[in-house]
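In what follows, a structure is listed as structure tokens, so that the remarks can point back to it.
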2 protein chains.
Amino acid sequence: MRIGELSKRSGVAVPTIKYYLREGMLPPGERTSPNQARYDDTHLHRLRLVRALIDVGGLSVAAVRGILSTVDAPESDMEDLLKTVQKAVLPVPEPAAVDAQSSAEKEIHDLVIELGWDVSPKHFAVEALATVLVTARSLGHDRFLDFIRRYGPIMQQIGVADLDYVVGARTVDDLLEAVVVGTVLGDSVMITLRRLAQASETATRFPGGGDRQSLSD
Amino acid sequence: MRIGELSKRSGVAVPTIKYYLREGMLPPGERTSPNQARYDDTHLHRLRLVRALIDVGGLSVAAVRGILSTVDAPESDMEDLLKTVQKAVLPVPEPAAVDAQSSAEKEIHDLVIELGWDVSPKHFAVEALATVLVTARSLGHDRFLDFIRRYGPIMQQIGVADLDYVVGARTVDDLLEAVVVGTVLGDSVMITLRRLAQASETATRFPGGGDRQSLSD
DNA sequence: CGATAGTAGACAGCACCACTATCCATAATC
DNA sequence: GATTATGGATAGTGGTGCTGTCTACTATCG
């Protein structure tokens, strides 16, 4: 197909497709003449993936480009891919002041040990989580570590579900995409389900009549 | 304190504080003369909250303003607050094509029923989740509904933990802030813990030696 | 008291991001 | 042969989140 059809089938404007081509997020089409190219279903699929990561996952164009270049690299192993995807979709905030930050990192790592998890104390998510803890405490929320602790065993179940999903892939390409889609769209699933669960739990605990009922709405 | 001290104590540049004042995210200080004002600890706290929502929660200035104006409204009830906060932090993507979207919404609501949750079929998160489902399917991920289904009971536990946290507040102001902080920072906690759980589960299932070990890093 | 530094408020400017528009020469299509 | 589409290049646009500059004043310190 030519670029016009690709645009129609994907819902992405032609100039935007050209922009993605320039940015290397979409491989060039097969040349049929000096100024003509042909695109196929792989381009359509890639374009949909790009839009999914941007629209649903909320990623920046730069983050998408980073992920895709790792996916496309022939030597891309799971290690690189996981790290790239995980970091792309988790904008790590600036760590807090050194002392509060490092002691919070220790507390987080203690929690990880307590949970029996097999992760390095220097995992970037440990740092990120410690920053969240420091931030919450700077707002006077001193119960926040207990809040995090309570989340631990629950998120462990999520991790198991995630690995089950990824392992269900048939080919290597499927696996790579399952990691990307599972991680990025998975975050959206988690957050939206959390909203629903909160609304439901609120309605259950406070079944107040009248206008309060719409809390579950 | 004057604006300079507020800046030093919060780590926010003076022109930025002025910008937040202009935008109504920070209440004006108490005037001591036509061009002097004094700020107190409530300003410092509010400023930290703003930065937390922006830096850690990743919210836009507009979203923060919306949340804070609801928090500040004297007649703000839990209903308004929950909705505003939940929507601010969940950028709802454009729904997909009408037919695929509405059938997906039905599937999601069926799942909600299956889980025994008390939420309206028109809850905005139902629509958002349906959009995620449609997107995943457009990428050929037809196992995705099962993936979502698996998340359901797990996220229910999160909802319970969230309500427990909010209910632990002592005053009305504490409660309002617990909702905001619990929702926004809670999302960050969830996502970062998910990264750690994924890494740990990966390390457990594939304890490959050598360079593979750093998957858990 | 005067020198220096800080402040409120108004307004303009800036860097970045994600496109979008325009143009041209060529190619495809009717 | 007329119309429409295309590839490629370059420039422009609109939104966001600050940042810089200016002026008239105020605070502080030796």
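Just so it is clear, the values below take in all heavy atoms, side chains as well, and ignore hydrogens, waters and symmetry mates. Just so it is clear: chains get the letters A, B, ... in the order the sequence lines come, proteins before strands, and each one is counted from 1.
For B/M1 and D/dA27, the CE to P distance is 18 Å, given to the nearest whole Å. If you take CZ of B/R2 and P of C/dT7, they are 5 Å apart, rounded to a whole angstrom. Rounding to whole angstrom units, CG of residue B/L6 and P of C/dT7 are separated by 10 Å. Atom CG in B/L47 sits about 11 Å away from atom P in D/dC18, given to the nearest Å. Nucleotide D/dT26 holds its P atom 17 Å from the CD1 atom of B/I3, rounded to whole Å. The interatomic distance linking A/E23 (CD) with C/dC16 (C1') rounds to 13 Å, in whole Å.
Backbone-only engagement by A/R31 is indicated by non-hydrogen atom pairs under 4.0 Å involving sugar-phosphate atoms exclusively.
Between A/R9 and A/D41, at least one side-chain nitrogen of the basic residue sits less than 4.0 Å from a carboxylate oxygen of the acidic one, meeting the salt-bridge criterion.
Comparing B/R22 and B/V14 along DNA chain C, the residue whose closest nucleotide (by nearest heavy atom) sits nearer the 5' end is B/V14. Closest-nucleotide positions on DNA chain C for B/P34 and A/A13 were compared, and the one nearer the 5' end corresponds to B/P34.
Remark: B/R143 CZ is packed, more than 12 non-hydrogen atoms of other residues, nucleotides or ligands lying under 6.0 Å away. Residue-environment remark: CZ (A/R170) stays at or below the threshold of 12 foreign heavy atoms within 6.0 Å.
With respect to B/I158, the side-chain contact (heavy atoms from CB on, under 4.5 Å) criterion is satisfied by exactly one of A/M190, A/Q198, A/R194, A/E201: A/R194.
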